[in-house]
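Shown next, in structure tokens, is the structure this report addresses.
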Amino acid sequence: MFDFITEEHKMIQEAARDFAQNEIAPVAAHHDETGEFPIETVRKMGQLGFMGIEVPEEYGGAGMDTLAYSLALTEICKVDASHGTIMSVNNSLYCHGLLKFGTEEQKQKYVVPIASGEKIGAYSLTEPMSGSDAGTMASRAVLNEAGTHYVINGRKSWVTSAPFANYIILFTMTQPEKKHKGVTAFIIETDKPGFSRGKTEPKLGIRASATSEIIFDNYECPVENRLGAEGEGFKIAMTVLDAGRIGIASQALGIAEAALEASIAYAKEREAFGQKIGQFQMIQQKLADMKCRVDASRLLIYQACLAKREALKGNGRYSMEASMAKLFASETAMYVTTQAIQIHGGMGYSKEMPLERYFRDAKITEIYEGTSEIQRMVIARSLTGLR
Ligand code: CAA
């Protein structure tokens with residue numbers, strides 16, 4: 001039916017499904033419970049090419065397209081969204097940005113080890129007082145008189161993978177008076193003086209994906225580590241988030257698919273009042289609505305992947321399609337996991353089943369990489385052209 005899905009796409013989807021079921025499923029509940037970062041499985045994902053799916057082979061990646069990335073990420077998230085978060089940040093927030101805006105030297109030095117999973121990448125935009133309004137930042141980068149390096153000071157928050165990241169793409173202000181046109185991007189090495197990590201967030205869901213604050217105290221960033229031109233950072237951040245939002249949509253789809261499949265199995269097996277609960281119309285209605293929303297999410301994700309493919313041929317944008325996919329898939333994940341718990345009753349509420357983990361993990365997809373409210377804003381602005 002979908003002839004844009006090739007044999008190669010099906011192969012990576014199957015490889016991700018096998019890996020998730022054989023390697024991640026046995027450890028997912030443990031990592032959720034303890035909050036331990038799953039470094040061993042993440043390294044193996046790197047060896048299999050999952051940490052740089054769209055990265056060309058010459059930079060250590062699998063050299064595939066966004067659809068391949070989305071299909072593989074969905075399979076990983078169907079088993080564990082925490083692994084999916086780490087995978088998505090490496091792929092779309094980190095590698096995509098460096099490939100699109102980096103110099104040849106930057107790509108060789110900072111993409112190759114991340115795409116292979118040897119090292120971990122992160123992306124840092126948010127600050128304690130700057131979330132949805134991403135153009136307002138208190139952190140600063142000041143070029144030294146000799147013009148050799150920038151001195152960076154400030155505190156960033158909610159940085160996914162930061163506790164383990166070797167390199168981070170940082171967005172900070174070089175010319176605050178210019179507002180979003182004063183934002184510049186830098187590649188940060190986390191083992192250099194002036195960089196430290198703040199508190200690790202105790203999170204409701206995706207508990208195995210470590211998230212922390214990062215602190216810059218007179219961190220000296222060489223000029224050659226600036227990503228793009230001065231003042232280009234906001235556009236880089238937004239361009240990268242468009243790619244990231246397809247990843248989060250795929251993550252949400254994986255969570256929703258897992259909850260739907262569990263619910264279908266349970267409806268066929270559990271009996272009440274002398275019949276299978278799947279024979280009750282109220283359960284049937286839930287399953288039907290869940291299935292429609294899951295499939296509609298998948299179609300919006302395909303649309304976004306194809307829109308990105310077209311956009312990358314020129315210098316076009318696919319912001320609206322990415323936001324539509326993320327908005328709908330994340331709200332679907334929340335809806336489907338809520339209904340799945342309801343269908344399972346007490347069993348769904350118990351930690352003995354993964355449904356409550358799916359439910360907790362689903363919530364973040366409506367928040368990070370732009371809240372549902374921001375996605376609606378992007379979609380409406382794209383439709384009207386009004387700000
Ligand atoms: N691609 C390219 N350029 C873009 C763009 C995009 N997607 N979106 C905006 N721009 C450009 C605009 O064209 C405009 O350029 P000009 O000045 O040349 O005209 C400029 O950027 C400013 O755009 P806006 O006026 O639209 O900016 P705004 O201040 O109104 O903000 C917004 C727009 C959509 C609300 C944006 O701020 C936004 O997306 N906010 C949410 C931020 C977000 O997603 N944060 C999550 C961070 S990552 C994370 O969650 C943690 C993690 O580790 C995973």
Side-chain angles (χ1 to χ4, degrees), residues 73 81-82 84-94 96-97 100-101 120-137 156-165 167-173 175 178-183 185 188 197 200-201 203 205-206 209-214 228-229 231-249 251-252 304 307-308 311-312 314-324 326-327 330 363-382 384-387:
L73 182 57
S82 288
T85 299
I86 302 160
M87 176 176 163
S88 81
V89 169
N90 253 37
N91 274 275
S92 33
L93 290 192
Y94 182 89
H96 179 71
K100 197 160 166 58
F101 299 99
I120 293 182
Y123 168 103
S124 174
L125 177 67
T126 306
E127 295 188 359
M129 293 307 288
S130 163
S132 293
D133 187 5
T136 52
M137 295 175 193
K156 308 291 281 186
S157 53
W158 290 104
V159 187
T160 303
S161 296
F164 291 85
Y167 307 132
I168 301 177
I169 299 182
L170 169 79
F171 300 91
T172 185
M173 281 286 183
Q175 288 176 287
K178 290 192 173 173
K179 308 232 165 106
H180 65 259
K181 285 194 187 328
V183 177
I188 301 299
R197 295 167 171 96
T200 297
E201 298 296 342
K203 303 193 300 287
I206 54 162
S209 93
T211 309
S212 76
E213 291 186 320
I214 56 176
E232 214 188 352
F234 191 77
K235 280 198 180 174
I236 295 176
M238 292 298 120
T239 306
V240 170
L241 277 174
D242 285 343
R245 287 168 185 167
I246 299 180
I248 302 309
Q251 175 178 49
K308 182 177 167 197
L312 291 184
N315 215 9
R317 279 175 54 176
Y318 53 94
S319 309
M320 183 175 78
E321 291 84 355
S323 285
M324 284 166 65
K326 186 199 183 267
L327 171 66
S330 60
K363 186 60 204 171
I364 191 61
T365 66
E366 291 183 321
I367 298 172
Y368 65 4
E369 300 199 26
T371 60
S372 292
E373 289 77 5
I374 291 294
Q375 307 311 324
R376 287 187 166 89
M377 186 195 281
V378 171
I379 296 163
R381 283 181 177 185
S382 304
T384 63
L386 301 170
R387 291 261 177 90

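Indexing begins at 1, ligand by ligand and atom by atom, following the structure's order.
Looking from atom 15 (O) of ligand 1 to the surrounding protein, the closest heavy atom is Lys235 CE, 3.3 Å. What sits closest to atom 19 (O) of ligand 1 on the protein, heavy atoms only, is Arg387 NH2, 3.6 Å. With hydrogens left out, the protein atom closest to atom 26 (O) of ligand 1 is Arg381 NH1, 2.9 Å, a heavy atom. Of the protein's non-hydrogen atoms, Lys181 NZ, 3.5 Å is the one closest to atom 16 (P) of ligand 1. Scanning the protein for heavy atoms near atom 4 (C) of ligand 1, the closest one is Arg317 NH1, 3.5 Å. With respect to atom 51 (C) of ligand 1, the closest heavy atom belonging to the protein is Trp158 O, 3.5 Å. Nearest protein heavy-atom neighbour of atom 9 (C) of ligand 1: Met238 CG, 3.9 Å. Here the heavy atom of the protein found nearest to atom 40 (N) of ligand 1 is Ser132 O, 2.8 Å.
In the vicinity of Leu241, heavy-atom distances shorter than 4.0 Å reach the ligand 1 atoms 43 (C), 44 (O). Residue-ligand proximity, Glu369 to ligand 1, at heavy-atom distances under 4.0 Å covers atoms 44 (O), 46 (C), 49 (C), 50 (O), 54 (C). Close contacts between ligand 1 and Asp242 involve ligand atoms 1 (N), 6 (C), 7 (N) [criterion: under 4.0 Å to a heavy atom].
Atom-to-atom distance recorded for Leu327:CG and Met377:CE is 13.0 Å, nearest 0.5 angstrom.
For a threshold of 3.5 Å applied to N or O pairs, the pair formed by Val378 and ligand 1 contains no separation below that value.
Closer than 4.0 Å to atom 32 (C) of ligand 1 lies none of the heavy atoms of the protein.
Under 4.0 Å from ligand 1, the heavy atoms of Ile374 that appear belong solely to its side chain. Only the side chain of Arg245 comes within 4.0 Å of ligand 1, counting heavy atoms alone; its backbone N, CA, C and O stay farther away. In Thr126, the part holding a heavy atom less than 4.0 Å from any atom of ligand 1 is the side chain. Using a 4.0 Å cut-off between heavy atoms, Leu93 contacts ligand 1 through its side chain alone, with no backbone atom that close.
Ranked by closest heavy atom to atom 23 (O) of ligand 1, the top entry among Phe171, Phe234, Tyr123 is Phe234.
Taking the six-membered ring where the residue is Trp, His180 and Phe234 present tilted rings, their angle falling between 30° and 60°.
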